[in-house]
Amino acid sequence: MSHDRGEGAGTDGIHNIGEAAALSGVSARMIRHYERTGLIPEATRTRAGYRLYSKADIHRLRFVRRARSLGFETADIAALLDLWNDRSRASADVKRLATAHARELAGKISELQAMQRTLEELAAQCHGDGRPDCPILDDLAGPAPAEGREEG
């Protein structure tokens, strides 16, 4: 079977990068990035250099997209992919990664909520009119450095 020009892809379960992107929900740019970083294996190439993807490749891309949508970092996605491919894995290993990530998300949420409260408090102190004085900018600037002392 010849795919020299990248035409006819998809008719035999083999897809070009555009089709793989459409089927997986991962942009072609990100597919190339995931290949460069080793998150997905390098695609098979035609003699003309077109990338070709199988159903299994597209399934893996969907897995990566879903893991990214849950906020997993690349290293964790790689670990999850390894576990997914290891039929002798212990589900405890997968659960450990997921719960650790959930704890990280909880910490980030807490930090974001604290930032939100601070900004709301600062905004409440600001008159929001034509006056130049602004408690928001004053807070961001912080206290003036002590005289005679250099910063940095």
Side-chain angles (χ1 to χ4, degrees), residues 6 9-10 12-46 49-129 131-147 149-152:
D12 53 3
I14 302 297
H15 304 276
N16 65 34
I17 196 165
E19 293 167 336
L23 290 167
S24 68
V26 176
S27 71
R29 182 179 69 75
M30 288 308 295
I31 292 172
R32 289 188 291 272
H33 171 73
Y34 293 152
E35 283 183 33
R36 279 192 307 278
T37 61
L39 202 53
I40 64 169
E42 286 190 32
T44 304
R45 301 268 188 154
T46 65
Y50 291 100
R51 288 175 166 89
L52 297 176
Y53 299 90
S54 68
K55 288 180 183 178
D57 294 328
I58 292 166
H59 195 75
R60 187 175 178 101
L61 286 167
R62 287 180 181 146
F63 183 104
V64 171
R65 184 196 71 211
R66 178 67 175 141
R68 292 291 298 167
S69 77
L70 291 172
F72 282 100
E73 299 292 331
T74 301
D76 288 334
I77 295 172
L80 287 166
L81 283 165
D82 287 344
L83 289 165
W84 184 46
N85 290 320
D86 179 3
R87 299 304 303 161
S88 65
R89 70 180 170 262
S91 63
D93 295 334
V94 181
K95 183 176 181 175
R96 193 173 8 267
L97 273 171
T99 54
H101 183 59
R103 280 192 305 274
E104 289 173 24
L105 289 174
K108 288 178 184 179
I109 289 168
S110 180
E111 289 173 18
L112 288 170
Q113 288 173 330
M115 287 183 234
Q116 178 187 14
R117 282 190 302 276
T118 299
L119 286 171
E120 288 170 347
E121 290 167 9
L122 289 170
Q125 296 171 19
C126 181
H127 295 288
D129 56 17
R131 291 184 260 187
D133 58 315
C134 179
I136 299 168
L137 294 177
D138 292 344
D139 184 83
L140 293 173
E147 290 227 12
R149 218 177 86 200
E150 289 186 33
E151 285 190 40

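Excluded from the calculations below are hydrogen atoms, water molecules and symmetry mates; all remaining heavy atoms, backbone and side chain alike, are included. Just so it is clear, the structure is predicted and the values come from calculations on it, not from any experiment.
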Minimum heavy-atom separation for [X] to [Y], with atom names?
| X | Y | result |
| --- | --- | --- |
| Ile136 | Ala123 | CD1-CA, 4.0 Å |
| His101 | Gly71 | CE1-O, 3.0 Å |
| Ala98 | Phe72 | CA-CZ, 4.2 Å |
| Ala21 | Ala28 | CB-N, 3.8 Å |
| Asp133 | Arg131 | OD1-CB, 3.1 Å |

Interatomic spacing from [atom1] in [X] to [atom2] in [Y] - rounded to 0.5 Å:
| X | Y | atom1 | atom2 | result |
| --- | --- | --- | --- | --- |
| Arg65 | Leu70 | CZ | CG | 11.0 Å |
| Phe63 | Ser24 | CZ | OG | 14.0 Å |
| Leu119 | Leu140 | CG | CG | 8.0 Å |
| Met30 | Leu61 | CE | CG | 10.5 Å |
| Arg68 | Thr74 | CZ | OG1 | 5.0 Å |
| Ile77 | Asp82 | CD1 | CG | 12.0 Å |

Does the [X] side chain pair with the main chain of [Y], one donor and one acceptor, at a distance under 3.5 Å?
| X | Y | value |
| --- | --- | --- |
| His15 | Leu23 | no |
| Thr118 | Ala114 | yes |
| Ser110 | Gly107 | no |
| Asp139 | Pro135 | no |
| Arg62 | Gly25 | no |
| Glu19 | Asn16 | yes |
| Arg89 | Leu83 | yes |

Glu120 side chain to Gln116 side chain, donor-acceptor N/O pair below 3.5 angstrom: yes
Test salt bridge (charged side-chain N to carboxylate O under 4.0 Å, His left out) applied to Arg60 and Asp57, step by step: CA-CA 5 Å; Arg60 187 175 178 101; Asp57 294 328; over 6 Å; no
Audit row: Leu39, Val64, side chain to side chain contact (heavy atoms under 4.5 Å, CB included) steps and yes/no: CA-CA 8 Å; Leu39 202 53; Val64 171; 3.8 Å; yes
